[in-house]
Amino acid sequence: MIHPAVKFQFGRIVQEYGNWHAIDEYDRSRAPGWWWGPALALRDAHEQMPTDWLRLMALPDAGTYSDAARLLLDSLAGQTSQPWPNEFPRQYQTRPTATDAA
C-alpha cells in the first residue's frame, strides 16, 4: 500500500508531467530532476493509478504507479543537465530551420 503523502506528491508530479508534455518539444524544457525521487519511490508499486492521472500521462486504463514512474525516469534518461526551476515547463529555444540541417 502506498502512503498517502507519497500519492499526494506523485499526483503533483503527474500534473506537472501533463503540463510539460503538452508543450511542443522545441519549446519545452528538459525534464526536471525533482521527478527522480518520487519516480524511484514508486518504481515497484503495482497499484493501479487513478484514471485522470493515467490520461495526463497518456498511459492505458490499467496503468500502474510503476508504469508512470518508468515514464518519468525515461523522460530523464540521457539528460546531462537539469533545467532551472524558472525554465520549467517551458524553455524558449530557437526552432531548427532548414538551413540548420545543411
Colleague: Who pairs with Q9 by side-chain hydrogen bond (donor to acceptor under 3.5 Å, both in side chains), at least two apart in sequence or on another chain?
Modeller: none
Colleague: Could you measure the distance from the CG atom of N19 to the CG atom of L56? Nearest 0.5 Å is fine.
Modeller: 7.5 Å
Colleague: Taking salt bridge (charged side-chain N to carboxylate O under 4.0 Å, His left out) as the cut-off, I'd like each qualifying pair that reaches into residues 31-51, sequence neighbours left out, listed once.
Modeller: K7-E47
Colleague: What residues form a side-chain contact (heavy atoms from CB on, under 4.5 Å) with Q79, not counting sequence neighbours?
Modeller: R30, A31, L76, Q82
Colleague: Could you tell me which residues satisfy side-chain contact (heavy atoms from CB on, under 4.5 Å) with A39, sequence neighbours excluded, listed by chain and number?
Modeller: A69, L72, L73
Colleague: Side chains of V14 and M57: closer than 4.5 Å at any heavy-atom pair?
Modeller: yes
Colleague: Under the ring-ring contact (aromatic ring centres under 6.0 Å, His included) rule, what pairs show up with a residue in residues 28-56, not counting sequence neighbours?
Modeller: Y17-W35, W20-W35, W34-F88, W35-F88
Colleague: Which value, rounded to the nearest 0.5 Å, describes the distance between T51 atom OG1 and L59 atom CG?
Modeller: 11.5 Å
Colleague: Could you tell me whether the side chain of Y65 reaches within less than 4.5 Å of the side chain of Q48, counting heavy atoms only?
Modeller: no
Colleague: Would you compute the distance between atom OG of S75 and atom CZ of R28 and round it to the nearest 0.5 angstrom?
Modeller: 9.5 Å
Colleague: Output every pair passing salt bridge (charged side-chain N to carboxylate O under 4.0 Å, His left out) with a member in residues 55-77, not counting sequence neighbours, ordered by first then second residue.
Modeller: D67-R70
